[in-house]
Amino acid sequence: MLEGEPYENTTRFQVSATAESHFSWLRTRMSVERTLMSWVRTATALIGFGFAIFQFLHRFNQTPGIKPADYSWTPWVLGLALIGTGIVALTIAVWEYRSLIRYLWETDFKPIAGVDESAHHTPVVAVSVVLILIGMFAFAAVLLREP
């Protein structure tokens, strides 16, 4: 094709419905699922550590016989930062997951996607939404505590 000439085909590539292309599509779909599950694990760790660090250090500063820390607000800030990072990361991951699934179910891929006409979501999306809500609750619980 020469420069300046329009594309002859409006699609980026040709999709042929073969067993090989179907299994490639399935591997890609499972890869998207694994990526979201990895983000769920990461967000769980961030939210959990943020809440645990805040609780431990906040209670440690209130222990009788121990001199309070010079910067008593540090556990509060660290806890909020970790919890907030977990919430934001998981929200972005769910948004990215949904856009990739939407892309995989475009009309170009329908011949190799499967027998159903619509995308099916696995329980990992529901787990992600619940974890985002738990993270928001933990963020509010830490935010409303006095530093």
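In this text the structure is predicted, and so the values were computed from the model without any measurement. One-based numbering along the sequence shown.
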Discussion item. Using the side chain to side chain contact (heavy atoms under 4.5 Å, CB included) criterion, which residues pair with M37? Sequence neighbours excluded.
Written reply: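 Checked M37 against side chain to side chain contact (heavy atoms under 4.5 Å, CB included); matches are E33, R34, R41, V124.
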Which hydrophobic side chains are connected to [X], either touching it within the sub-4.5 Å cutoff or through other members that do?
X	value
L144	none
F137	none
V130	I134

Are [X] and [Y] connected, step by step, through hydrophobic side chains (Ile, Leu, Val, Met, Phe, Trp, Tyr) whose heavy atoms are closer than 4.5 Å?
X	Y	value
L104	M30	no
M136	L131	yes
L78	L80	no
V142	V77	yes
W76	F56	no

Worksheet entry | Sequence neighbours excluded - side chain to side chain donor-acceptor pair (under 3.5 Å) pairs with any residue from residues 125-144 |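 Qualifying pairs: none.
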Worksheet item: Is Y97 close to T122 at the side-chain level, that is, under 4.5 Å between some pair of heavy atoms?
Response: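 T122 vs Y97: side chains touch.
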Can you list, pair by pair, the side-chain donor-acceptor contacts under 3.5 Å of residues 43-54, counting residues two or more places apart and other chains?
residue, atom, partner, partner atom, Å
T44, OG1, V40, O, 2.7

Worksheet item: So how far is it from R29 CZ to I101 CD1, rounded to the nearest 0.5 Å?
Response: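 The CD1 atom of I101 is 3.5 Å from CZ of R29, to the nearest 0.5 Å.
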Worksheet item: In Å and rounded to the nearest 0.5 Å, what is the CZ to CG distance from F139 to L82?
Response: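 The CZ atom of F139 sits 11.0 Å away from the CG atom of L82.
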Practice prompt. Report the residues that fulfil side chain to side chain donor-acceptor pair (under 3.5 Å) with Q55, sequence neighbours left out, ordered by chain and then residue number.
Written response: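 Side chain to side chain donor-acceptor pair (under 3.5 Å) list for Q55, sorted by chain: R59.
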Worksheet item: With sequence neighbours excluded, what pairs up with S31 under the side chain to side chain donor-acceptor pair (under 3.5 Å) test?
Response: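 If we apply the side chain to side chain donor-acceptor pair (under 3.5 Å) test to S31, skipping adjacent residues, there are no hits.
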Return all side-chain donor-acceptor pairs below 3.5 angstrom for residues 88-96, not counting sequence neighbours, or 'none' if the list is empty.
residue, atom, partner, partner atom, Å
T91, OG1, I87, O, 2.7

